[in-house]
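Some notes on the structure that comes next.
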Amino acid sequence: MNKPFCNALEIACELAQTHLDGLDTAPVACTTDLQTLRARLGKTLHNEGLPPEQVISELAADVKGGIVGSAGGRFFGWVIGGSLPAALAADWLVSAWDQNATLAACSPAAAVVEEITGQWLKVILGLPDSASFAFVSGCQMAHITCLAAARHTLLARAGWNVEEEGFCWAPRIRILASDVRHGALDRALRLLGFGSSQIVSLPTDALGRVLPEALERELRSNLTAPAIVLLQAGEINTGSFDSFAELIPLAHAQHAWVHIDAAFGLWAAASPRYKHLVMGIEHADSWATDGHKWLNVPFDSGFAFVADPEAHRAAMSHRAPYLTVSGEARDQIDWNPEWSRRGRAFPTYAALRQLGRKGIADLIDTCCEHARALVTRIGSLPGAEIVCEPILNQGLVRFPHPNADAAEVDHARHTEDIITAINATGEAFFTASNWKERRVMRVSVCNWLTKVNDVERAVAAAAKALQVKSATVASQSAL
Ligand SMILES: *Cc1c(COP(=O)(O)O)cnc(C)c1O
């Protein structure tokens with residue numbers, strides 16, 4: 001029997017398993033430089049093609065050392081997340097099935113899985129049952145989707161049809177946003193045609209939470225212009241949450257649209273232990289979160305939710321004579337910014353079923369415990385300092401320069417040097433960030449694979465890096 005896919009897929013499956021099985025022992029950081037990668041991968045593209053299995057084998061060999069160990073349990077940089085086995089396997093099937101999940105007619109199964117998964121997510125995340133949703137490529141695209149609905153509604157109230165008349169001469173919308181917001185919001189706004197001068201940055205407290213009196217003052221300062229208020233669940237450095245129960249009613253009293261950046265923080269809602277952090281969040285007008293971070297679905301997974309489905313549909317829907325729209329099914333094109341797209345809900349469906357509600361809560365709780373252990377233990381090592389203990393799964397430490405007369409720049413450089421030294425051990429991986437004028441090391445735990453032993457290894461790597469570095473600094477000062 002002719003099986004044209006068989007060899008390439010079998011090789012890929014074996015290579016994938018070797019990679020995943022090796023995560024526990026392989027260095028987390030890259031071991032190959034860009035120049036080597038370019039030399040290996042920059043092959044001559046010949047006129048004649050190659051057998052698929054050769055392409056795949058060579059690809060895997062050529063990227064060796066250039067694949068970051070972010071799928072594994074010792075990666076604590078940025079906010080990345082891993083992949084659950086069921087989610088990863090479903091993602092492979094999505095590629096094999098190669099469905100165009102734009103209309104139910106293109107793939108009834110993709111449409112139905114999306115319908116069901118969207119309902120499940122609303123229950124798990126504590127969002128209104130009546131909210132509409134979209135499965136998008138990530139949280140930034142979820143912002144774009146939600147903010148397009150916000151723009152539609154606020155301008156419609158001002159008598160302006162933005163879908164018809166465009167945005168050029170429309171009434172000006174004010175954006176009031178946390179001063180420690182994620183840059184994905186600025187990019188989403190820019191792509192929708194908002195300029196940075198339309199954004200008012202609201203001051204925040206020591207943990208990065210919007211000050212209620214600041215929001216109230218800004219809302220009061222202009223009672224006529226329509227406004228969008230951007231709040232966040234899970235600040236990327238401290239993991240802090242805005243006080244939704246207090247802020248959302250303030251914004252709604254002035255008829256503002258409230259959108260929440262909840263890329264990873266919304267998952268607190270799935271844990272009985274942490275859901276108090278999102279209290280009142282269900283009263284917002286739209287929410288953006290990720291599947292590819294904390295739910296541990298492979299990349300290309302974000303979720304947009306809009307309280308008013310009509311606003312959402314008005315901003316996204318499109319009709320053309322050749323589209324076979326369904327009266328009964330949910331056509332994704334009515335809710336999504338993309339046209340052709342992969343069957344993105346399948347891996348999320350699989351992840352939710354693999355974990356179950358208790359498994360999701362356990363994933364959240366365990367990651368938070370590991371984050372707390374990493375921050376308190378690394379932060380208590382000689383030469384280290386805790387900057388922010390985790391509220392959730394993110395926290396901060398720094399490494400002050402040992403010299404008594406060291407300035408902030410020296411502490412910053414020293415902190416970066418220690419991070420580089422930790423990452424060079426291959427045992428753990430962290431990234432630097434800025435928090436309130438200080439350079440810090442950020443700790444993020446959002447992978448189901450992280451275990452107690454990974455925390456031990458990371459703490460040991462930090463201790464070693466600090467020892468080596470302090471010996472170097474001491475010998476330099478002795479000179
Ligand atoms: C990661 C992140 C984003 C961007 O999400 P993508 O899925 O990368 O588009 C936005 N906000 C916060 C708080 C994040 O952590």
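Order of listing sets the numbers, starting from 1, for every ligand and every atom in it. Predicted model, so just to flag it, every value in this text is computed and none were measured.
Residue contacts with ligand 1, taken as heavy atom pairs separated by less than 4.0 Å, involve His182 solely via side-chain atoms from C-beta onward. Counting heavy atoms closer than 4.0 Å to ligand 1, residue Cys139 contributes atoms from both its backbone and its side chain.
Closest to atom 9 (O) of ligand 1 among all protein heavy atoms lies Gln140 N, 2.8 Å. Among protein heavy atoms, the minimum distance from atom 15 (O) of ligand 1 is reached at Lys293 NZ, 2.7 Å. For atom 13 (C) of ligand 1, the closest heavy atom belonging to the protein is Asp261 OD2, 3.5 Å.
Close N/O approach between His143 and ligand 1 is not found [any backbone or side-chain N/O within under 3.5 Å]. Inclusion of Gln232 in the set of residues having an N or O under 3.5 Å from an N or O of ligand 1 is not warranted.
Side-chain N/O atoms of His182 and Gln232 include no donor and acceptor closer than 3.5 Å. In this structure, a donor-acceptor pair under 3.5 Å is absent between the side chains of Trp435 and Thr238. Counted by atom type alone, Ser137 and Arg344 present zero donor-acceptor pairs between their side chains at under 3.5 Å.
Contact analysis leaves Met141 out of contact with ligand 1, as no non-hydrogen atom separation drops below 4.0 angstrom. Proximity of Glu235 to ligand 1 is not established, as no heavy-atom distance is less than 4.0 Å.
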Test side-chain hydrogen bond (donor to acceptor under 3.5 Å, both in side chains) applied to Asp33 and Thr36, step by step: CA-CA 6 Å; Asp33 60 21; Thr36 310; 2.4 Å; yes
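A donor-acceptor pair is defined here as one N or O able to donate and one able to accept, closer than 3.5 Å; such a pair exists between the side chain of Asn447 and the backbone of Gly72.
Among residues two or more places apart in sequence or in another chain, the side chain to side chain contact (heavy atoms under 4.5 Å, CB included) test is passed with Ala458 by Phe76, Leu374, Ala428, Phe430. Shown here are the side chain to side chain contact (heavy atoms under 4.5 Å, CB included) partners of Asn453, two or more places apart in sequence or in another chain: Glu456, Arg457.
Close contacts between ligand 1 and Phe264 involve ligand atoms 15 (O) [criterion: under 4.0 Å to a heavy atom]. Atoms of ligand 1 found under 4.0 Å from any heavy atom of Ala184 (numbered from 1 in listed order, with element): 4 (C), 10 (C).
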